[in-house]
Amino acid sequence: MNLGRVRGLILRYFYLYRGSLPRLLEQLYWPVVDILVWGFVTIYLRQFEGELPNFLAYFLGGLILWDVLFRSQVGVSVAYLEEVWSRNLLNLFVSPLRPAEFIAASMGIAIMRVAFTTVVTLLIAYLFYGFSAFVMGVWLWVFMGSLVLMGWSMGIFIAGLVMRFGQGAESLAWGLIFLIQPVAAVFYPVSVLPGFLQPVSHAIPAAHVFEGMRQVLDGAGVPTTHLMAAYALNAVYLVAALAFFYRTLAEAKREGRLLRVGE
Amino acid sequence: MDALTPATPAVRVRGLSKRFGATLAVDDLSFEIRRGEIYGLLGANGAGKTTTISMLLDLVTPTAGEVEVLGLRYPKGREAILSRVNFSSTYVSLPLRLTVWENLRVFAALYGVKDPKACIHELVERFEIGHAMKKKVGDLSSGQKTRVYLAKALLNDPAILFLDEPTASLDPDMADKTRQVLLSVQRERGATVLITSHNMAEMEALCDRILFIDKGRKLMEGSPRQILDRYGRATLEEVFIHVARGGEALA
């Protein structure tokens, strides 16, 4: 791993974002809209919270952490898409840049995107609703770490899909993650799901994170089991996503797909 | 370091073939490029030039045959090879939303250039694009873009330069200036150049040797003079048209 090359590619995205107001605004638009709309809905529903004392915290915490997952995944996928859109992939692939360095740079970018958006959503949640995600203490960072890892895996997997199926598959970068949202237990516990869906939910790292988040918010102790499950699953998915990406790249070289990128 | 000795050719290709489904794009191609020479790859559209260059750059995996660049082979030697070669094509863009400086700075980092600022300034002055350093590449004329692509291709002082139609979008004046810059850089640095172009006069003027390919197969190889003599034609353009229209290929 040559860190100079990783830094070089991160610099490329820094220049891109620095010079593009629409890209910067896109970072904030949906997270801010989401947290404003759902935050006010939550405040309205708070009058019925007798049965569920932590309703606001569950909901806003879920919303903020879901966005960590989403931004992490989009950060990696869009880093690849930016090269497709600018027809720059060939220049990168004929440079000494290794695929692992490309992925490392994409992960770095994803972390920056997550940090930028999360600071804003945390601030809005605190200023508008008096909710501080820091009530989760150190677990907030542990939850975020797990979601960033899951976002990386999904982002790498989606980049592989775009490499395999071409630019027509780019909408997956924004849509695929919502396929798992119903079973990711973001806003409700896994126990709410029908029995046949619960094993699916348990196979998703994010579901363990959100279950753990509710456990912490309820003051019900350290969610060790959930966190161990989340990180173990993340390790498996990350290895699988990398294997898929490398296999797809080898296949793209065999079939000459790299020459047709952007067509 | 690499396996390059004085006797090692810059590029050695043996029995190279590439099949895409039912199409045989490159068919049992063998050739060598000597160190320091300018080698032209000629052929009609679809003859297999791009596929051949792509296999030399590890963008396409061969179906059969061997490729050695600077005495090294893919995939083991990939990083060592690609850090010592570079590529420019009129048809492969750099990010249009980045400025000239930003693009060159990024690629200088990717190629591990020691003193990027000095290197970039020297190249942009040489290609007469110093005044456009702060402009986005997307705002440049096609001729300026081509010169930025060429500057990028020289950032790492490559031992081998792969050029795919480098002057295709340039007016005759700028094309000639670009050729002169390329020639002077090649002479100063002793770089090997593999070039494709549909400008036959340019190929005649630049190339030490030329390889004609058709339907992925080698038709003939030699200096421009040798090729003209063998076909009894006055210009490479006449030879090209003769070959492209199915004329007899002379071994």
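A, B, ... follow the sequence lines: proteins, then strands. Residue 1 opens every chain.
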Q.
If I measure from the heavy atoms of chain B, does A/Arg257 come under 4.5 Å with its side chain, its backbone, both, or neither?
A. neither
Q.
Quick check against the 3.5 Å criterion: does B/Lys18 have a side-chain atom that pairs as donor or acceptor with the backbone of A/Arg254?
A. yes
Q) Counting a contact as any heavy-atom pair under 4.5 Å apart, which residues of residues 137-154 of chain B contact chain A? A) B/Lys152
Q. Say you draw a straight line from CG of B/Leu96 to CG of A/Asn88; how long is it, rounded to the nearest 0.5 Å?
A. 9.5 Å
**Q.** Nearest-0.5 Å distance that lies between atom CG in A/Leu89 and atom CG in B/Leu59
**A.** 10.0 Å
Q: Work out which heavy atom in B/Pro95 is nearest to a heavy atom in A/Ser86; give both atom names and the distance.
A: CA-CB, 4.0 Å
Q.
Would you say that more than 12 heavy atoms from the other residues, nucleotides or ligands in this model lie under 6.0 Å from the CH2 of A/Trp174, or not?
A. yes
Q) For chain A, which residues from residues 97-118 of chain B lie under 4.5 Å away (heavy-atom distances)? A) B/Arg97, B/Leu98, B/Trp101, B/Glu102, B/Arg105, B/Val106, B/Phe107, B/Ala109, B/Leu110, B/Tyr111
(Q) For a quick test of reading the model, state the closest non-hydrogen atom pair linking B/Glu79 to A/Arg5 and the distance between them. (A) OE2-NH2, 2.5 Å
Q: Could you tell me the separation between the CG atom of A/Leu90 and the CG atom of B/Leu57, rounded to the nearest 0.5 Å?
A: 9.5 Å
Q) With only heavy atoms counted, which part of A/Leu258 is less than 4.5 Å from chain B, the side chain, the backbone, both or neither? A) side chain
Q) Which pairs pass ring-ring contact (aromatic ring centres under 6.0 Å, His included) with one or both residues in residues 36-56 of chain B, sequence neighbours excluded? A) B/Phe31-B/Tyr39
Q.
Taking atom CZ as the centre, does B/Phe20 end up with more than 12 heavy-atom neighbours from other residues, nucleotides or ligands that are less than 6.0 angstrom away?
A. yes
Q | A/Phe93 side, atom CZ; B/Leu82 side, atom CG - distance, nearest 0.5 Å | A | 11.5 Å
Q) Taking everything shown except A/Arg247 itself, do over 12 heavy atoms lie less than 6.0 Å from its CZ? A) no
Q | Within 6.0 Å of CZ in A/Arg164, more than 12 heavy atoms from elsewhere | A | yes
Q) Is there a donor-acceptor pair closer than 3.5 Å between any side-chain N or O of A/Asn91 and the backbone N or O of B/Ser93? A) yes
Q) Most heavy-atom pairs under 4.5 angstrom with chain B, which of A/Leu9, A/Leu11, A/Leu249, A/Val94? A) A/Val94
**Q.** Structural part of B/Ser83 lying under 4.5 Å from a heavy atom of chain A
**A.** both
Q) Can you name the side-chain hydrogen bond (donor to acceptor under 3.5 Å, both in side chains) partners of A/Ser72, sequence neighbours left out? A) none
